[in-house]
Amino acid sequence: MSNSTTNISERKMRFIYTLRSNGVTCPRVLSTMETIDRGEFVHGHFASRAYEDTPLPIACGQTISQPSIVGLMTQALNVGERDTVLEVGTGSGYQTAILSRLARRVYSVDRHRQLVTQSEKIFRKLDLTNIIAFTADGTRGLFEQAPFDRIMITAAAEDTPGPLLEQLKVGGVMVLPVGPADGVQSLIQVSRHESGFNYEELLKVRFVPLMEGLGEDS
Ligand code: SAH
């Protein structure tokens with residue numbers, strides 16, 4: 001094996017080890033994250049840092065989330081193989097790709113057209129055919145495809161957006177960061193039952209803000 005190959009496989013092993021030691025313990029989530037190569041979703045200057053447990057800059061001033069946070073959010077979403085999932089904030093497409101391996105279908109929206117177009121190219125390359133990506137303002141959800149078994153938001157809202165709560169099925173789960181745009185936010189797991197919603201705070205996080213309307217490029 002060449003030095004660089006050894007290096008990459010070692011870095012990938014360490015990547016999974018770091019996920020485990022940060023609390024990602026679900027075997028289904030770990031094996032999925034082993035098969036989806038984060039290196040496909042980080043380009044240019046930061047490509048060499050793809051296997052570090054850190055958020056990294058992507059186009060349009062956005063970020064690809066920290067892998068251990070991606071793992072913890074995916075675990076908290078508890079996705080079943082027959083589930084239809086809505087993801088708000090496609091970004092690099094990394095989280096979308098992981099969800100697509102766990103669910104029946106994933107709808108993913110981003111307010112930046114450029115990010116949606118770039119992600120779609122990677123989904124085609126990786127043959128992830130159960131992802132439907134749109135350029136849209138996700139704060140309104142996707143009325144025509146609703147309701148959803150699972151909803152994940154990967155940008156921070158001041159409060160849980162009402163239309164997304166409405167578009168969650170009874171028995172469904174939503175995971176999202178809630179809090180101020182420029183401060184520490186809480187990762188929340190919302191479960192919908194017959195008579196209302198249960199909210200559980202999971203951990204403190206820092207995400208880019210959920211913004212209303214489309215990006216200037218869209
Ligand atoms: N899961 C992504 C995270 C990207 S950062 C990843 O790991 O790559 C959050 C993303 O949310 C950004 O791409 C941003 O454009 C998007 N976003 C913010 N507000 C939005 C909104 N109202 N509707 C859709 N996408 C939104």
Side-chain angles (χ1 to χ4, degrees), residues 15 19 24 29 32-33 36-44 46-47 49-74 76-77 79 85-102 106-123 126 128 131-143 145 148 150-164 167 174-182 185 187 205-218:
F15 179 81
L19 293 177
V24 185
V29 173
T32 305
M33 290 185 77
I36 301 288
D37 185 351
R38 191 172 185 245
E40 295 281 355
F41 301 85
V42 185
H43 313 282
F46 293 98
R49 301 184 58 189
Y51 307 112
E52 291 178 22
D53 192 30
T54 181
L56 293 169
I58 56 172
C60 305
Q62 305 303 311
T63 52
I64 178 170
S65 304
Q66 183 179 341
S68 55
I69 299 294
V70 170
L72 291 171
M73 287 178 79
T74 309
L77 200 63
V79 184
V85 180
L86 170 65
E87 179 197 33
V88 175
T90 317
S92 65
Y94 178 57
Q95 172 78 77
T96 326
I98 292 166
L99 291 172
S100 82
R101 283 280 168 89
L102 296 167
V106 179
Y107 293 97
S108 183
V109 297
D110 203 289
R111 58 191 293 277
H112 289 288
R113 184 175 305 280
Q114 187 191 336
L115 294 175
V116 173
T117 309
Q118 272 180 8
S119 299
E120 282 180 314
K121 274 192 202 143
I122 307 172
F123 302 151
L126 301 182
L128 302 172
I131 299 171
I132 302 165
F134 295 101
T135 308
D137 176 1
T139 58
R140 298 153 185 261
L142 279 180
F143 183 76
Q145 283 75 22
F148 300 98
R150 298 289 184 265
I151 299 179
M152 182 184 282
I153 312 184
T154 65
E158 293 276 344
D159 220 338
T160 317
L164 291 170
Q167 292 176 23
M174 166 154 51
V175 172
L176 76 159
V178 173
D182 52 355
Q185 305 135 2
L187 189 65
V205 286
R206 229 174 222 279
F207 273 81
V208 297
L210 188 72
M211 315 254 287
E212 286 195 20
L214 295 183
E216 303 84 64
D217 63 318
S218 304

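Atoms within a ligand are numbered from 1 in the order they appear, just like the ligands themselves.
Residues Leu77 and Leu99 share a closest heavy-atom pair of CD2-CD2, 3.9 Å.
From Ile153, atom CD1 reaches atom CE of Met174 across 5.5 Å, with rounding to the nearest 0.5 Å. In this structure, the separation between CG on Leu142 and CD1 on Ile151 is 9.0 Å, given to the nearest 0.5 Å. Within the model, atoms CD of Glu216 and CZ of Arg111 stand 6.5 Å from one another, a figure rounded to the nearest 0.5 Å.
The shortest contact between atom 11 (O) of ligand 1 and any protein heavy atom is with Gly89 CA, 3.3 Å. For atom 6 (C) of ligand 1, the closest non-hydrogen atom of the protein is Ser92 OG, 3.6 Å. Scanning the protein for heavy atoms near atom 23 (N) of ligand 1, the closest one is Gly138 N, 2.7 Å. Summary of contacts: the protein heavy atom closest to atom 7 (O) of ligand 1 is Ser65 N, 3.0 Å.
Proximity to Thr63 (heavy-atom distance under 4.0 Å) selects the following atoms of ligand 1: 3 (C), 4 (C), 5 (S), 6 (C), 8 (O). Each of the atoms 6 (C), 7 (O), 8 (O) of ligand 1 lies under 4.0 Å from some heavy atom of Ile64. For ligand 1, the atoms sitting less than 4.0 Å from at least one non-hydrogen atom of Thr90 are 2 (C), 8 (O), numbered in the order shown with element in parentheses. Atoms of ligand 1 lying under 4.0 Å from any heavy atom of Thr139, numbered from 1 in the order shown and given with element: 22 (N).
With a 4.0 Å heavy-atom cut-off, ligand 1 is reached by the backbone of Arg111 and by its side chain too. Of the heavy atoms in Val208, only side-chain atoms (C-beta onward) come closer than 4.0 Å to ligand 1. The proximity of Pro209 to ligand 1, defined as any non-hydrogen pair under 4.0 Å, is limited to the backbone.
Thr96 is listed as a side-chain neighbour of Thr90, based on a closest heavy-atom distance under 4.5 Å.
At least one heavy atom of Ala136 sits under 4.0 Å from some atom of ligand 1.
The aromatic rings of Phe134 and Tyr107 sit parallel, their planes meeting at an angle under 30°, below the 60° perpendicular limit.
Around atom 10 (C) of ligand 1, the closest heavy atom drawn from Leu214, Val42, Asp110 belongs to Asp110. Considering each of Met152, Arg38, Met211, Gln62, the one bringing a non-hydrogen atom nearest atom 12 (C) of ligand 1 is Gln62.
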